[in-house]
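Below you will find the structure I want to go over with you.
Labels below follow one simple rule: chain letters A, B, ... track the order of the sequence lines, proteins then strands, and each chain is numbered from 1. Any value given below was found using the heavy atoms of this structure, including those in side chains, with hydrogens, waters and symmetry copies removed.
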There are 2 protein chains.
Amino acid sequence: MDERGVAEDRSAPSPANATPRRGRRPARAPQPDEIDEGGEGAGAGEIDLAELTGVVGYVLRRAQLAIFEDFIARFAALDLKPAQYSVLLVIGRNPGRKQSEIAASLGIQRPNFVAMLDELERRGLAERVRSVTDRRSHAIVLTDDGRALLARAAAVQAEQEAIIAERLGPGGREALVEQLRRLVTPPLSAGNPPPEG
Amino acid sequence: MDERGVAEDRSAPSPANATPRRGRRPARAPQPDEIDEGGEGAGAGEIDLAELTGVVGYVLRRAQLAIFEDFIARFAALDLKPAQYSVLLVIGRNPGRKQSEIAASLGIQRPNFVAMLDELERRGLAERVRSVTDRRSHAIVLTDDGRALLARAAAVQAEQEAIIAERLGPGGREALVEQLRRLVTPPLSAGNPPPEG
DNA sequence: TATTGTTATACTCTATAACTATA
DNA sequence: TATAGTTATAGAGTATAACAATA
């Protein structure tokens, strides 16, 4: 239960407010042969993450992992993972929609959504209902148990949101969400040619 | 080249500024038997993600995926993935440090770091140097090629950072990094008992 | 011919146990 | 006994191709 991705820092004190000391950079590398690290050159104290702590992508990834870790811990009692929660929520808000629509709205590949739904169905939280008008498709709905669990989950989720809001200060949470949305829409890559060509 | 995780929205217009209409919620679910979605009840237009678009964890995950996607595209020419870039950067800033120290600082498991280093070494970007003082350990250094590639990579990375800064407005990028740091340190889970527990 | 759900499959990332060689 | 690097392996998460049933 611990996802990484870019690079994770678990134990390091993380010099967030410490001035990044970029002083001692060895313009030339030590001889790639053998090194006596007993001296003083490199074997000293903490590893310096330097610029990394100011890189949006890096900090973003770390924050996402931290939030998910907390989420998973909070939802352990409900036996729900983040993706499962999002699926329950979307089904709950859009009952009767096609299996493929639910999957697509969450960016889940259709093949991968099959096992997810199987699991939710096995636990009696959701159901596939064969459509009358198009017998290829499945209309997805929550069961009563599914709605009940979703309600409990939403309450737990609200707790996390409250903790986050507290951590970020007045208006901080909303501002963060807004800024993050700006990074998502419109896509960064498209229609954003680099400054000089 | 496309990572997901929670749930991803690729095509949906994403009602970021649209008021989440939470009106028509069917307190009771449709009969779990068969559904005629041809009527009007559920088979209508776009899927409603509703609360999800305001959940920090969800938006955070989506933003992280968006940034990484952009990163990977930008770094395609250099054949560097985010994790590889972070490793090169940390080695560059901390030449001669032990393999396990580099890995730990980035939260990479020691066993998983072996293959990463193998690859960087195979490409002539980094080298393992057997330490004289402790013949168990490897001191990791960048090669000249490694330093050269890192320099190019840092320039590319700076471009992404500039694009992000532009997207987020004056001071927005720095504020975002600061807020994200607050979510990471101290850990959300520890020492944060729920409001009423 | 196109779409829906499905199966099979593969690749990446992450995690743990256990080995080896040193200390 | 403990540590550094390694091997092997297992589990998620995600991606694509192809099939059967239906449109």
* Asked: A:Lys98 has an atom NZ; how far is it from atom P of D:dA23, in whole Å?
  -> 12 Å
* Length of the CE-P vector between B:Met116 and D:dT6, whole Å ->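 Interatomic distance, CE of B:Met116 to P of D:dT6: 13 Å.
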* Could you check which of D:dA17, D:dT7, C:dT4 has an atom nearest any side-chain atom of A:Pro111? =>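 Nearest to the side chain of A:Pro111 among the choices is D:dA17.
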* To do: Specify the residue among B:Asn112 and B:Ser100 whose closest nucleotide of DNA chain D lies further upstream toward the 5′ end.
  => B:Ser100
* Between C:dT16, D:dA4, C:dG5, which one does the side chain of B:Gln109 approach most closely? -> C:dT16
* Please walk me through it: do A:Arg93 and B:Glu51 pass salt bridge (charged side-chain N to carboxylate O under 4.0 Å, His left out)? -> CA-CA 9 Å; A:Arg93 285 278 176 213; B:Glu51 301 100 307; 2.8 Å; yes
* Distance, rounded to the nearest Å, where B:Asp134 contributes CG and D:dA2 contributes C1' ->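 Spelled out: CG on B:Asp134 to C1' on D:dA2 is 11 Å.
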* Asked: Does C:dT6 have OP1 or OP2 sitting under 4.0 Å from an N or O in the side chain of A:Gln99?
  ->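 Answer is yes, contact under 4.0 Å.
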* Begin from the C-alpha positions of B:Glu69 and B:Arg74 and carry the test side chain to side chain contact (heavy atoms under 4.5 Å, CB included) through to its verdict. => CA-CA 9 Å; B:Glu69 191 173 335; B:Arg74 289 178 189 279; over 6 Å; no
* Could you state the CD-C1' distance from B:Glu121 to D:dG5, rounded to the nearest angstrom? ->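 Atom CD in B:Glu121 sits about 12 Å away from atom C1' in D:dG5.
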* Asked: B:His138 pairs by side chain to side chain donor-acceptor pair (under 3.5 Å) with which of B:Gln99, B:Glu127, B:Arg97?
  -> B:Gln99
* Measure up the A:Phe71 and A:Phe68 rings against each other and bin them: parallel (under 30°), tilted (30 to 60°), perpendicular (over 60°). => tilted
* Asked: With respect to the phosphate group of D:dG13, does any side-chain polar atom (N or O) of A:Lys81 fall under 4.0 Å of OP1 or OP2?
  -> yes
* To do: By nearest nucleotide on DNA chain D, pick out whichever of B:Arg136 and B:Leu117 is the more 5' one.
  => B:Arg136
* Can you check whether A:Arg135 has a side-chain N or O nearer than 4.0 Å to OP1 or OP2 of D:dT22? ->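 Yes, within the criterion.
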* Asked: Can you tell me how far P of C:dC13 sits from CZ of B:Phe113, to the nearest Å?
  ->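 Rounding to the nearest Å, CZ of B:Phe113 and P of C:dC13 are 14 Å apart.
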* Asked: What is the distance, rounded to the nearest whole Å, between atom CD1 of B:Ile72 and atom C1' of C:dT12?
  -> 11 Å
* Answer yes when A:Arg123 and A:Asp145 have at least one side-chain N-carboxylate O distance shorter than 4.0 Å, and no when they do not. => no
* Asked: Any side-chain N or O of A:Arg130 under 4.0 Å from OP1/OP2 of D:dA21?
  -> no
* Figure out the CZ/P separation between B:Arg110 and C:dA18, and round it to whole Å. =>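 Interatomic distance, CZ of B:Arg110 to P of C:dA18: 17 Å.
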* Separation of B:His138 atom NE2 from C:dT20 atom C1', in whole Å? -> 12 Å
